[in-house]
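Worksheet: the structure to be examined is printed underneath.
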Amino acid sequence: MTKKKTTFGLRLRTRGGAAIQKRWTRIVKQMKVPHKCPSCASPSVKRESTGIWNCHKCGFKFAGGAYVPSTKSGLASTRTKVTA
Ligand SMILES: [Zn+2]
């Protein structure tokens, strides 16, 4: 029986043990899946750089998490309303 290995972590050469490699693979997988655009709602958002996300459909560029477009803390900050 041959077990197919996910090569995300291996390709990017994560240093450290197997646990770190596994974690990194999970993060990269999450990073690679198409994310929903907050502007046009189409799943064509891709990571341009760390924390920078770009929608290929409408050209909407926004800042988000380093590995996912929206983080828990980011959502909390958008929910918070400034009261004068
Ligand atoms: Zn868009």
Side-chain angles (χ1 to χ4, degrees):
M1 190 190 117
T2 46
K3 202 176 167 192
K4 199 169 181 282
K5 257 189 177 176
T6 33
T7 50
F8 283 125
L10 296 168
R11 196 170 60 204
L12 289 160
R13 289 173 197 229
T14 325
R15 308 255 304 192
I20 292 166
Q21 227 172 59
K22 233 179 244 175
R23 201 187 305 165
W24 176 246
T25 306
R26 209 176 57 208
I27 289 166
V28 172
K29 260 189 183 168
Q30 216 172 43
M31 197 170 90
K32 299 262 173 179
V33 294
H35 294 284
K36 212 172 162 188
C37 174
S39 181
C40 68
S42 79
S44 44
V45 170
K46 275 182 181 157
R47 201 180 85 134
E48 197 170 285
S49 182
T50 311
I52 298 162
W53 297 84
N54 196 12
C55 175
H56 285 252
K57 197 161 188 185
C58 67
F60 184 65
K61 202 190 245 180
F62 61 99
Y67 304 110
V68 278
S70 58
T71 54
K72 266 185 185 173
S73 54
L75 282 171
S77 70
T78 48
R79 225 183 287 129
T80 313
K81 280 191 180 125
V82 183
T83 43

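Count residues from 1 along the sequence. This is a predicted model, so every value here is computed, not measured. Every number for a ligand or one of its atoms is a count from 1 in the order of the listing.
The minimum heavy-atom distance linking R47 with A66 is given by the pair NH1-O, 2.7 Å. In terms of heavy-atom proximity, H35 sits nearest to V68 at CE1-CG1, 4.3 Å.
Looking at heavy atoms from C-beta onward, F62 lies in side-chain contact with P69 at the 4.5 angstrom threshold. With a 4.5 Å cut-off on side-chain heavy atoms, C55 and S39 do not count as touching.
Residue H56: no N/O/S atom is found under 2.8 Å from the Zn ion (ligand 1).
In this structure, SG of C55 and SG of C58 enclose an angle of 110° at the Zn ion (ligand 1), rounded to 10°. Rounding to 10°, one obtains 110° for the angle at the Zn ion (ligand 1) between SG (C40) and SG (C37).
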